[in-house]
Amino acid sequence: MDTPHPGIEGFRASEEKNFAAFDDWKIPLVDLVAEGDQVAADLIFEGITPGCLTQGPQD
């Protein structure tokens, strides 16, 4: 993630659009590293899109 979001509330707020846009949205935790008062998480973002993610040329 290029911008840190303090706390679980900040992270959740930053991902609200994804929770709403994808069916069965999950974020499994792969790894967690802590040093002092800083923590980094390696996450996988998974979900099923109910439609097309991009629009192609209109025919």
Side-chain angles (χ1 to χ4, degrees):
M1 192 186 288
D2 56 358
T3 305
H5 298 280
I8 190 68
E9 295 83 12
F11 178 74
R12 182 176 269 294
S14 76
E15 295 304 317
E16 292 272 335
K17 295 178 291 191
N18 291 322
F19 285 116
F22 292 90
D23 296 333
D24 199 29
W25 181 248
K26 298 176 188 166
I27 309 175
L29 176 64
V30 176
D31 199 7
L32 197 61
V33 178
E35 184 175 315
D37 65 348
Q38 296 186 349
V39 177
D42 183 6
L43 308 167
I44 297 175
F45 289 51
E46 308 178 332
I48 300 169
T49 180
C52 185
L53 289 176
T54 60
Q55 284 188 313
Q58 301 296 317
D59 292 313

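Both backbone and side-chain heavy atoms feed into the values below; hydrogens, waters and symmetry mates do not.
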For residues L32 and D42, determine if any side-chain heavy atom of one lies less than 4.5 Å from a side-chain heavy atom of the other. no
Least distance between heavy atoms, L29 atom then A41 atom: CD1-CB, 4.1 Å
Please round to the nearest 0.5 Å and tell me the distance separating atom CD1 of I27 and atom CG of L43. 6.5 Å
E16 CD: over 12 foreign heavy atoms closer than 6.0 Å: yes
